[in-house]
Amino acid sequence: MTDSTLDKTFDPAAIEAKWYAHWEANGLFRPERPDAQPYTIVNPPPNVTGSLHIGHALDNTLQDVVIRYERLRGKDALWVVGTDHAGIATQMVVERQFEASQDKRTNYTREAFIDKVWEWKHESGGTITGQLRRLGCSMDWSREQFTMDPHFTKAVVKVFVDLFNQGLIYRDKRLVNWDPALKTAISDLEVENRDVAGHMWHFKYPLASGESYTYIERDADGAVVFEEVRDYISIATTRPETMLGDGAVAVHPDDPRYAPIVGKLCEIPVGPKAQRRLIPIITDLYPDPDFGSGAVKITGAHDANDYDVARRNGIPMYRLMDEAAQMRADGAPYAEVSARAQAIAASGAFDPAEIDALNLVPEAYRGLDRYAARKAVIADIDAEGLMIAVEDKMIVQPFGDRGGVVIEPMLTDQWYVNAAELAKAPLDAVRTGAVEIVPKSWEKTFFNWMENIQPWCVSRQLWWGHQIPAWYADDGEIFVAEDEAAAQALAGDLKITRDEDVLDTWFSSALWPFATLGWPDDAELAKRHYPNDLLISGFDILFFWDARMMMMGQAMTGQNPWPRLYLHGLVRAPDGQKMSKSKGNVVDPLGLIDQFGADALRFFMAAMESQGRDIKMDERRVEGYRNFATKLWNAARFCQSNGIGASASLAAPAATSAVNKWIIGEVVETLATLDQAMADLRFDAAANAVYHFVWDQFCDWYIELIKGNFDAETKAVAGWVLDQILVMLHPFMPFVTEELWSKLGDRADYPLITAKWPEPGVGVDAAAKAEVDWLIALVGNLRTAKNELGINPGAKLDAFLPEPSAVTRGNIERNPAVIERLARLNGIRFEPAPAGAAMQIGAGDANIIVPLAGVIDIAAEKARLTKALESSTKEAKSLEGRLSNPAFAEKAKPEAVEKARADHALHQAEATRLAAALARLG
RNA sequence: GGGCGUAUAGCUCAGUGGUAGAGCACUAUGUUGACAUCGUAGGGGUCGCAAGUUCAAUCCUUGCUACGCCCACCA
């Protein structure tokens, strides 16, 4: 018994590691429950390179609350956990390590490098999983997953092959977002568009062979406002270096200014004079006549808009840069290439492969970085007097979200997923409600994106990742198969070589809800736990991950991965800013755990999570929840010291006293609130329900009410209530509750983590509730009055109530101990008070007179009563006004009228009582 | 350019068609069989602005203002 006695203060650090190890070692995160209803969630796999940040803490707390709740409710609760191989991030980490030792990736073969990455993973890849344990997350570590596990790779390959065979994955040459720092293609989602201060240059593109035309600008009425004979067309660009690859100049077909020169040729004003190319002036709907000069240069290979225009109009697209976004240095001399390009363009028919081989960068610029080339081009044009103007301008520039470098649109061969096709089923699922997005406001965003989805580029020019299961014959023919032998079988006698590229990391994580469950081999497990029951994720990965899981889930299993998707917000810095390392405002969740305990941090996360809103970090609030844990701890300590311990029954014990009946009723109500909140995924409401029950009901009143009366019934009820508290609170504060659970009884075989959810088996006793509410009102009103009159709160006073109602009399007679100890009254006598100064206390229908001869300041008591009377009168008057309005009686809902009448009567009675009390004082 | 969200007590946030709540902070206080990481009592809000609907609006509608986020190809 002594060793289960609770210490005076609660020390989270002393128990957290102990309980976590105990749960994990005993398999309590996934108890054997073959006959129970399964409940499954999957953890958004953190990057294997990651460490726990505050966002993980929120995300995983919410999931742990859910899974612990469902486990306590008896479900076969499975929380799948694992890490993501995170292609780019991990390769970057290892390459950075190489740099530190003057080494580099290209010193190794692909195989040797991948071995190095695995080595790194085994040594350093477990940081975050250890940190999730510190947070108390009850994941099924026995089945920990990694997206590069052999069975996962098998699933990835199968999906790729199947989708390829269905025509949903294909190889295509398109303009991709090329990251010159990482030297790989990335998807649209991985591009971050930022506003940057830039320039727009206006250049003259001279018309061929000295032609000229009259350039006329008119106002809205058609009056000429400007007229000039020109031998050039004015072109604006933010990227002069791309001029070298121009294939045409486009104007709007209805733009009268350029009508005279449509179809003519103009010269790109850069490069050796004799070898400058001539390009046609064409019409296309893309140029906006009101923007810039209304004429746009078309560089199909380095601009997404131009690419479309070039494709529509059969304009050649000349690639100018290499994989590092430096101006090409390969190929034949410029003079030769330029002439060839001119000839091809004139012929109107061209072979894209030949076009791609043409390096149209003049020797002077070859090998230059794109920005150096820009400078040089500008200087050269300016020197020739062909620059019209430079304006400063904010421009939108695409940055790679990993490499941090400006993305270069590049024309390359990549693998694509037909996302538009795969998006159909998920769109339908959300529209019909088969998948519910919580909060619902995200649906519109989801639709918006899914309805306009572009082909998903899934190939990456990296080494670390799932290598694409495609093989090529020398002539370029493609064979996609599960392995080399199968590919060779398809290829017959042809010699084949495997695609060097790997798949986008999100391609594999999109399979997470079923590939982690053994799909496609382990049909049983997958069948039992797929579809999952819920997905919780931050809204920031709605497109990256959630939507793609829906696409892949439907495509590969014909089912939605889960019926419900809960999206939470971001955890922001205390000042409301986004946390970022560069701003230095990152709050470390592990530091908070060290300081306040995991339970406090978890409770903070849950209590602050109202649907959809971002959470501002507030350490003081975390501290407050640490205090809450201590409060509970001390309440339990008090109970323990009075012989109150573990309850033997799941159902509420039989109770006869109003106080005991009342607290049982409060448990019933709290439980209902909590269950409803959990069903609605209102984590804040759920946490607050328990918080207020524990602090306001149990600690502030129940414990105070039962002090001095620890009879068998009270002990049984108190023990039961405390147990229910521990169970209800456990999903939020697993550590302190488990510790108290074990200390309050010998329950080594019945740990809290797998205990049973409350089933009180009784309802709320209205009479008991009314009685306790009356006692609380009496005590409260006495305290307030004493305080306002400056009477020592501990003073024990006499009290008189000459004509009690039957109910009040019962309340008083049944609770002598409470009236004496909490109300600090020497009982309440049912007889007239002696004459003299007294304060008067209302409670329900009673006006209790408390003589204070010699002590009381009559004026102060009068002031107090007058203030209260004014307030009652004001309320009553306001209600009276409402009731006397005929329109109210006619049109308002009957309940509202009834309520107003009742409230009015109540305030009226209170006013009458107070008026009488005042009169008594003379 | 489109979409979304937020504006409620000093701060951080809940909330409801019938004139508002919590935590922290603040003020006073420390007596009662756990807890000062605490107890008791108290002060504090024309619920962003304007109009409309309604018997009644902080809550519904519209407009405005401010802030935030996401998406988007104006060279």
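Values below: every heavy atom of this structure, side chains too, minus hydrogens, waters and symmetry copies.
Among the atoms of the strands shown, base atoms are found under 4.0 Å from some heavy atom of A/G294. If you check every strand for non-hydrogen atoms under 4.0 Å, A/P574 touches nothing. Residue contacts for A/K893: at a heavy-atom cut-off of 4.0 Å it reaches a base atom on one of the strands shown. Looking at heavy-atom distances under 4.0 Å, A/A304 makes no contact with the nucleic acid at all. Looking at heavy-atom distances under 4.0 Å, A/T445 makes no contact with the nucleic acid at all. Backbone-only contact: A/N885 has heavy atoms under 4.0 Å from sugar-phosphate atoms and none from a base. No contact: A/K796 has no heavy atom under 4.0 Å from any strand. Here A/G576 lies out of heavy-atom contact (under 4.0 Å) with every strand.
With rounding to whole Å, A/D680 atom CG is found 15 Å from B/G15 atom C1'. Taking atom CG of residue A/D195 and atom P of nucleotide B/C71, one finds them 13 Å apart after rounding to whole Å. Here the C1' atom of nucleotide B/A75 and the NE2 atom of A/H302 are 16 Å apart, to the nearest Å. Summarising the geometry, the separation between CZ on A/R194 and C1' on B/C71 is reported as 17 Å, rounded to the nearest angstrom.
Taking for each of A/G708 and A/D188 the nucleotide of RNA chain B with the nearest heavy atom, the 5'-most of the two is the partner of A/G708.
No cation-pi contact links A/R548 to A/F543, judged by a cut-off of 6.0 Å to the six-membered ring centre and 45° from its axis. For the pair A/K707 and A/F638, the cation sits on the ring face: its NZ or CZ lies under 6.0 Å from the ring centre, inside 45° of the axis. Relative to the ring axis of A/F604, A/R621 does not place its NZ or CZ within 45° and under 6.0 Å from the centre.
Partner assigned to B/C67 is B/G5, using Watson-Crick or G-U wobble distances below 3.5 angstrom. The partner of B/A34 cannot be assigned: no Watson-Crick or G-U wobble pair with both contacts below 3.5 Å exists in any strand. In a base pair of the Watson-Crick type (N1 to N3 plus N6-O4 or O6-N4) or a G-U wobble (N1-O2 and O6-N3), with each distance short of 3.5 Å, B/A20 is matched with no nucleotide. When both distances must be under 3.5 Å, the Watson-Crick or G-U wobble mate of B/C60 is B/G52. Under the Watson-Crick or G-U wobble criterion, with both distances below 3.5 Å, B/G43 is left unpaired in every strand shown.
To the nearest 0.5 angstrom, A/L542 atom CG is 7.5 Å from A/T445 atom OG1.
With contacts defined as side-chain heavy-atom distances shorter than 4.5 Å, the pair A/I437/A/K440 does not qualify. A/E451 is listed as a side-chain neighbour of A/L427, based on a closest heavy-atom distance under 4.5 Å.
Note: A/W695 and A/F628 have parallel aromatic rings, judged against thresholds of 30 and 60 degrees for the angle between ring planes.
At B/G10, none of the side-chain N or O atoms of A/R620 fall inside 4.0 Å of OP1 or OP2 (strictly under the cut-off). One finds a side-chain N or O of A/K616 lying less than 4.0 angstrom from the OP1 or OP2 phosphate oxygen of B/C13.
When every heavy atom of A/M243 is checked against every heavy atom of A/Y205, the shortest pair comes out as CG-OH, 3.2 Å. Looking at every heavy atom in both residues, A/A598 comes nearest to A/F735 through CB-CE1, 3.7 Å.
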query: Can you give one letter per nucleotide of nucleotides 34-41 of chain B, 5' to 3': B if a protein heavy atom sits under 4.0 Å from the base, S if only from the sugar-phosphate, - if neither?
result: BB-BSSSS
message: The test is side chain to side chain donor-acceptor pair (under 3.5 Å); show your working for A/H302 and A/E408 and say whether it passes.
response: CA-CA 7 Å; A/H302 289 282; A/E408 186 61 43; 3.0 Å; yes
Using a cutoff of under 3.5 Å, can you pull out all pairs of nitrogen or oxygen atoms linking the protein to nucleotides 6-8 of chain B, with atom names and distances?
residue: B/U6; atom: O3'; partner: A/R613; partner atom: NH1; Å: 3.1
residue: B/A7; atom: OP1; partner: A/R613; partner atom: NH1; Å: 3.4

Grab the N/O contacts between the protein and nucleotides 20-22 of chain B below 3.5 Å, and write none if there aren't any.
none

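Checking B/U19, B/A75, B/G15 against the side-chain heavy atoms of A/A236 singles out B/A75 as nearest. When the nucleotides B/C55, B/G68, B/A14 are ranked by their closest atom to the side chain of A/A887, B/C55 comes out on top. For A/A892, the listed nucleotide lying nearest its side chain is B/C55; candidates were B/G3, B/U32, B/C55. The A/K444 side chain lies nearest to B/C4 when the options are B/C74, B/C4, B/G18.
Contact annotation: side chain of A/N642 to base of B/G33, donor-acceptor pair present below 3.5 Å.
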